[in-house]
Asks: 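Handing you a structure now.
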Amino acid sequence: MKFVTLNNGVKMPQLGFGVWQVENDEATTAVAKALEVGYTSIDTAMIYQNEEGVGKALKESSVPREELFITTKVWNSDHGYENTLRAFDESLERLGLEYVDLYLIHWPAPQYDEYVDTYKALEKLYHDGKVKAIGVCNFEIPHLERLLKECEVVPVLNQVECHPYLSQNELKEFCAKHDIYVEAWSPLEQGGEVLQDEAVMKIAKNHGKTPAQVVLRWHLQNNTIVIPKSVTPSRIEENFQVFDFELTSEEMNEIHKLNKDRRRGPHPNDMNVR
Ligand SMILES: NC(=O)c1ccc[n+]([C@@H]2O[C@H](COP(=O)([O-])OP(=O)(O)OC[C@H]3O[C@@H](n4cnc5c(N)ncnc54)[C@H](OP(=O)(O)O)[C@@H]3O)[C@@H](O)[C@H]2O)c1
């Protein structure tokens, strides 16, 4: 496993395991499998409704707490200072943990304009030692600029949709300039067309690897953190086998050229669902 050092000195595995759209019971089985394979970073959220299932797998595992890196997120309906503090306590209880490693704002939900107060609650949790690091998801450059201006703690990362068809170059540049990691959600484009892209398949064949492994490797070599999701045991293993080969700069460029600025999810400005 490769670790990255976040801007507050905390170390985080560059490859983690996501559990969006995984039922609570299934989350226990999938996370148990992931831990067995060697993943130690797990990405959940209140809105996934599987924090309990994730917590059960963590409790039953023999991996020591200090070796785990657990991320959860505050949902749009819990924005605001007091609401966020309450929502955090509820997440912690469902997870059965005493702290989380990373707490994120799930979406900026700009229509409600409460993400600054929400972030201030994250800062309090950070200062109180209930979270080791804080950050955001789906923040566009103007949202980040506002946090940098009005808050004290620089987010350690921005978790955004990112894959070869949505390479997020401008946002990546902005984040790099401010020492904010980019973490890719839907890194495999939700198992979509990118895994059948001719260029990706050709590179995969050259290395005796699968298209998914090539796409994950592309993210890693871009210095992006990745959290692929799978409930399929063989794929959970496959997605972990990405540290034993390297893409050439020509191969990296070929994949860079695939960008279509094409999203699977909504644009952050439009995601105000509560
Ligand atoms: N912050 C946010 O707003 C946000 C939004 C979306 C996601 N996320 C996080 O990011 C994580 C990953 O994103 P995601 O779940 O949307 O998409 P993803 O990881 O890009 O893709 C998951 C899909 O790809 C399939 N898959 C996994 N490994 C594969 C492989 N080796 N070969 C072929 N297909 C494969 C999975 O199928 P099976 O499961 O059937 O194997 C699943 O259908 C989420 O689980 C969640 O933790 C965050």
Side-chain angles (χ1 to χ4, degrees), residues 13-24 26-27 29-31 33-34 37 39 41-51 53-54 69-76 91 95 100-109 115 134-140 143 155 157-168 171 181-197 200-201 204 209-220 224-242 262-273:
Q14 200 182 352
L15 170 69
F17 185 71
V19 293
W20 179 41
Q21 292 179 313
V22 182
E23 297 281 332
N24 202 39
E26 206 178 18
T29 321
V31 170
K33 173 67 187 176
V37 166
Y39 298 80
S41 169
I42 310 294
D43 182 89
T44 182
M46 173 277 198
I47 202 68
Y48 301 169
Q49 298 188 326
N50 58 21
E51 288 173 314
V54 169
F69 191 100
I70 309 305
T71 301
T72 192
K73 316 183 189 92
V74 55
W75 184 243
N76 298 352
S91 280
L95 284 161
V100 301
D101 297 274
L102 177 61
Y103 199 43
L104 302 175
I105 299 182
H106 208 142
W107 292 88
Y115 62 84
I134 56 176
V136 294
C137 306
N138 302 304
F139 271 44
E140 295 287 297
H143 309 132
L157 61 78
N158 186 16
Q159 185 186 109
V160 295
E161 179 176 352
C162 181
H163 43 71
Y165 289 168
L166 180 71
S167 53
Q168 299 273 23
L171 189 57
Y181 263 95
V182 169
E183 180 174 34
W185 64 255
S186 297
L188 300 173
E189 207 226 349
Q190 301 180 8
E193 276 173 37
V194 80
L195 301 185
Q196 271 111 51
D197 191 290
V200 174
M201 293 208 299
K209 287 284 180 178
T210 67
Q213 289 169 324
V214 165
V215 169
L216 292 174
R217 190 66 214 175
W218 173 79
H219 284 292
L220 295 172
T224 301
I225 301 168
V226 276
I227 43 169
K229 168 263 178 188
S230 178
V231 293
T232 313
S234 60
R235 287 175 172 170
I236 297 175
E237 288 175 19
E238 174 185 329
N239 296 343
F240 197 73
Q241 302 306 320
V242 287
R262 196 173 88 184
R263 291 176 189 274
R264 295 297 304 251
H267 188 283
N269 283 337
D270 304 327
M271 182 52 183
N272 294 287
V273 174

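Just follow the structure's listing: the first ligand is 1, and inside any ligand the first atom is 1.
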Asks: Is any N or O atom of Val19, backbone or side chain, closer than 3.5 Å to an N or O atom of ligand 1?
Replies: yes
Asks: So which of Glu26, Lys229, Lys73 gets nearest to atom 27 (C) of ligand 1, if we judge by its closest heavy atom?
Replies: Lys229
Asks: Using heavy atoms and a threshold below 4.0 Å, how should the contact between Ser230 and ligand 1 be classified: side chain, backbone, both, or neither?
Replies: both
Asks: Looking only at protein heavy atoms, identify the closest one to atom 47 (O) of ligand 1 and say how far it is in Å.
Replies: Asp43 OD2, 2.7 Å
Asks: Nearest protein heavy-atom contact for atom 11 (C) of ligand 1: which residue, which atom, what distance?
Replies: Ile227 O, 3.2 Å
Asks: Applying side-chain contact (heavy atoms from CB on, under 4.5 Å) to Gln14 and His219, what does each step give before you reach the verdict?
Replies: CA-CA 10 Å; Gln14 200 182 352; His219 284 292; over 6 Å; no
Asks: Do me a favour and list the nearest non-hydrogen protein atom to atom 34 (N) of ligand 1 with residue, atom name and distance?
Replies: Arg235 CZ, 3.3 Å
Asks: Under 3.5 Å between any N/O of Asn138 and any N/O of ligand 1: does that happen in this structure?
Replies: yes
Asks: Examine ligand 1 and decide if any of its atoms is less than 4.0 Å from a heavy atom belonging to Pro187.
Replies: yes
Asks: Could you work out, with salt bridge (Lys or Arg N to Asp or Glu O under 4.0 Å) as the rule, every residue matching Lys209, not counting sequence neighbours?
Replies: Asp244
Asks: Hey, is Ser186 touching ligand 1 through its side chain, its backbone, both or neither, going by heavy atoms under 4.0 Å?
Replies: both
Asks: Can you tell me which portion of Glu189 lies within the under-4.0 Å heavy-atom range of ligand 1? Options are side chain, backbone, both, or neither.
Replies: backbone
Asks: Hey, does Tyr48 sit under 4.0 Å from ligand 1 if you only count heavy atoms?
Replies: yes
Asks: Over 60° means perpendicular and under 30° means parallel, so tell me whether His143 and Tyr115 are parallel, tilted or perpendicular.
Replies: perpendicular
Asks: Is Leu188 in polar range of ligand 1, meaning some N or O pair under 3.5 Å apart?
Replies: yes
Asks: In terms of relative ring orientation, are His106 and Trp75 parallel, tilted or perpendicular, with 30° and 60° separating the classes?
Replies: perpendicular
Asks: Would you mind running through ligand 1 and noting each atom that sits below 4.0 Å from a heavy atom of Leu195?
Replies: 33 (C), 34 (N)
Asks: Could you tell me which residues satisfy side-chain contact (heavy atoms from CB on, under 4.5 Å) with Thr210, sequence neighbours excluded, listed by chain and number?
Replies: Ala212, Gln213, Glu238
Asks: Quick test: of every protein heavy atom, which one is nearest to atom 1 (N) of ligand 1, and how far off is it to 0.1 Å?
Replies: Gln159 OE1, 2.8 Å
Asks: Strictly by modelled atom types, are Glu51 and Ser91 linked by a side-chain donor-acceptor pair under 3.5 Å?
Replies: yes
Asks: Counting non-hydrogen protein atoms only, what is the nearest one to atom 21 (O) of ligand 1? Give residue, atom name and distance.
Replies: Gln190 CA, 3.3 Å
Asks: Taking heavy atoms and a distance under 4.0 Å, where does Asn239 meet ligand 1: side chain, backbone, both or neither?
Replies: side chain
Asks: Nearest protein heavy atom to atom 5 (C) of ligand 1, by residue and atom, and its distance?
Replies: Trp185 CD2, 3.1 Å
Asks: Output yes when the distance from some N or O of ligand 1 to some N or O of Val231 is under 3.5 Å, and no in every other case.
Replies: yes
Asks: Enumerate the atoms of ligand 1 whose separation from the nearest heavy atom of Trp20 is less than 4.0 angstrom.
Replies: 6 (C), 7 (C), 16 (O), 44 (C), 45 (O), 46 (C), 47 (O)
Asks: Against heavy atoms of Thr232, which atoms of ligand 1 measure under 4.0 Å?
Replies: 38 (P), 40 (O), 41 (O)
